[in-house]
Amino acid sequence: MQDWVQILIRSVTLLVVLFFFTKWLGSKQLSQLNIFEYITGVVLGGVVAIHISTLDSPIYYALIAMFVWFLIPYSVELISLKSKTFRNFMQGKSTVVIQNGKIMEDNLKKEHYSTDDLLESLRKKDIFKVADVEFALLEPTGELSVLPKKENQPLTAKDVGLKVAPEREPQTVIMDGKVLLEPLANLSLNTNWLETELEKLNVSIENVFLGQVDTHGQLTVDLYDDKIAVPTPSQKPLLLATMKKCQADLEMFALATENEKVKQMYEKNSQNLQKAIENVQPYLK
Amino acid sequence: MTVGSQVKSCYASIKGIEATLSTLASQTNEKEAREVFRNAETIIAEIKEDMEKQVIWLSQEEPQYKQ
């Protein structure tokens, strides 16, 4: 067999084998790998590289070496999943470097982590003042996880006691001008509904680059033709405005009438409407 | 605008609100949101009934403005 044919065959075979081995070894990102896993990857690649070009060593040598370097990390991973002690041994444990706002110097030293490293990692998390940190953990991958003090954490709706409407992930129903049926079915909607909504927006489906539907059944689209203005959804703000107007009207009627019974009716209804507005408001934003 | 026609237009708005709430309730996939919309709809329905009586009563009171 000619050399170039051999190289071709070897390349394709080893490429396929390498692809499946790395696939089975899991889908962790490069930055999440510990050193052992990282080296495994490098060795697998190295074995392939060497055996593709070294034609005097038979190809099954490569397969044997690769199989070993696949099998051991694979079993290590399997056992790690089952046993916590083994996992701690193989992957290492996270180390507390800041606790109750105080730096744990001994732990830093144990991890060979200098003060500059600590400051750098904190800066990467947008923290420039160590005093702002309540708790920080050095993960086995070398990354620093930081919990800022409560007053330095970003303000959330919970903090200010704001009521917000729950919202699940939006579904993409139109992609490149084509309807995606599965996401549509997830929302228990059908193509008829989609056609009606598009008609309301006055656009044809061929012109839609991307269309998404949120939890509340609101369709938003992006068009190929950016010159066409798509009307922004106005149903909800309009409803809220109408409700507020009606509430004001009812109050006015209550003031205007002289009939005591009617006045009470208006006042009662105005209060009820006010309550309804308060309940519905978070959902109309 | 007479009081009668003002009340009438408010009554119409209330009817519109009820219909929109009903659409929103059937559109949403979130159970909680549906509940909220339905509750609001019930409140609005009660108000609508009161307003309806008022509209009838006022139209009898102001027959001269009837067309």
Side-chain angles (χ1 to χ4, degrees), chain A residues 163-171 186-189 193 197 213-219 234-253 256-259 261-284, chain B:
Chain A
K163 199 180 176 310
V164 287
E167 194 156 349
R168 269 177 283 159
E169 78 284 3
Q171 299 276 0
N186 284 345
L187 292 166
S188 48
L189 297 169
W193 174 86
E197 287 297 308
V213 178
D214 69 7
T215 345
H216 305 299
Q218 180 67 56
L219 175 75
S234 62
Q235 191 186 28
K236 286 174 176 180
L238 205 62
L239 174 65
L240 191 61
T242 325
M243 283 177 93
K244 279 182 178 162
K245 184 184 168 288
C246 279
Q247 199 263 337
D249 279 350
L250 285 173
E251 245 167 48
M252 205 187 69
F253 296 151
T257 181
E258 271 154 24
N259 185 333
K261 231 173 98 189
V262 176
K263 198 187 195 89
Q264 271 172 13
M265 184 274 286
Y266 279 136
E267 271 166 5
K268 185 196 81 190
N269 281 339
S270 148
Q271 278 159 14
N272 282 348
L273 190 51
Q274 183 60 39
K275 255 182 253 159
I277 291 172
E278 275 160 27
N279 288 339
V280 166
Q281 200 156 21
Y283 294 86
L284 293 180
Chain B
M1 235 176 14
T2 64
V3 174
S5 62
Q6 277 173 352
V7 173
K8 225 177 212 168
S9 95
C10 181
Y11 170 62
S13 301
I14 296 264
K15 264 174 47 186
I17 294 170
E18 195 191 16
T20 318
L21 281 172
S22 171
T23 345
L24 286 176
S26 53
Q27 259 177 12
T28 183
N29 261 316
E30 196 72 50
K31 216 172 144 201
E32 214 175 301
R34 193 173 305 145
E35 204 91 322
V36 169
F37 286 136
R38 290 248 184 273
N39 285 341
E41 209 186 316
T42 339
I43 295 176
I44 300 289
E46 277 168 25
I47 299 174
K48 193 184 77 176
E49 263 171 48
D50 280 347
M51 292 300 284
E52 194 174 3
K53 278 181 212 149
Q54 197 59 22
V55 168
I56 295 169
W57 184 73
L58 278 171
S59 67
Q60 287 160 355
E61 287 284 296
E62 303 175 343
Q64 66 271 34
Y65 296 111
K66 252 193 172 166
Q67 281 161 357

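Quick note on labels: first sequence line is chain A, next is B, and so on, each numbered from 1. Computed from heavy atoms alone, side chains included, the values below leave out hydrogens, waters and symmetry copies.
Under the 3.5 Å distance criterion, the side-chain polar atoms of T242(A) are matched with a main-chain donor or acceptor of L238(A). Of the possible donor and acceptor atoms, none in the side chain of T257(A) sits under 3.5 Å from a partner among the backbone N and O of F253(A). Without hydrogens or angle criteria, T215(A) side chain to R168(A) main chain gives a donor-acceptor distance under 3.5 Å. One N or O on the side chain of S26(B) and one on the backbone of T23(B) form a donor-acceptor pair closer than 3.5 Å.
Most heavy-atom pairs under 4.5 Å with chain B, from the set L284(A), L187(A), D214(A), N279(A): that is L187(A). The greatest number of non-hydrogen atom pairs below 4.5 Å with chain B, out of V280(A), V262(A), L189(A), N269(A), is found for N269(A). Highest contact tally toward chain A, considering only L24(B), T42(B), L21(B), I44(B), is held by L24(B) [criterion: heavy-atom pairs under 4.5 Å].
Residue contact with chain B, scored on non-hydrogen atoms closer than 4.5 Å, is absent for V213(A). Using a 4.5 Å cut-off between heavy atoms, Q54(B) touches chain A through its side chain atoms alone. Proximity to chain B (any heavy atom under 4.5 Å) is shown, for N272(A), by both the backbone and the side chain. At a 4.5 Å heavy-atom cutoff, the contact between I43(B) and chain A is made by side-chain atoms alone. Of the two parts of K275(A), neither the backbone nor the side chain holds a non-hydrogen atom closer than 4.5 Å to a non-hydrogen atom of chain B. Contact of I17(B) with chain A is made through backbone and side chain together, with heavy-atom distances under 4.5 Å.
Remark: the E267(A) side chain and the Q271(A) side chain contain no N/O donor-acceptor pair separated by less than 3.5 Å.
At least one side-chain heavy atom of I277(A) sits less than 4.5 Å from a side-chain heavy atom of K244(A). Contact check for E18(B) versus I14(B): no side-chain heavy atoms found under the 4.5 Å cut-off. No side-chain heavy atom of Q235(A) sits under 4.5 Å from any side-chain heavy atom of H216(A). Looking only at side-chain heavy atoms (C-beta outward), Q6(B) and M252(A) come within less than 4.5 Å of each other.
Distance check: N259(A) CG to Y266(A) OH gives 9.5 Å after rounding to the nearest 0.5 Å.
Scanning residues 31-40 of chain B against chain A with a 4.5 Å non-hydrogen threshold yields E32(B), A33(B), V36(B), F37(B), A40(B), sorted by number.
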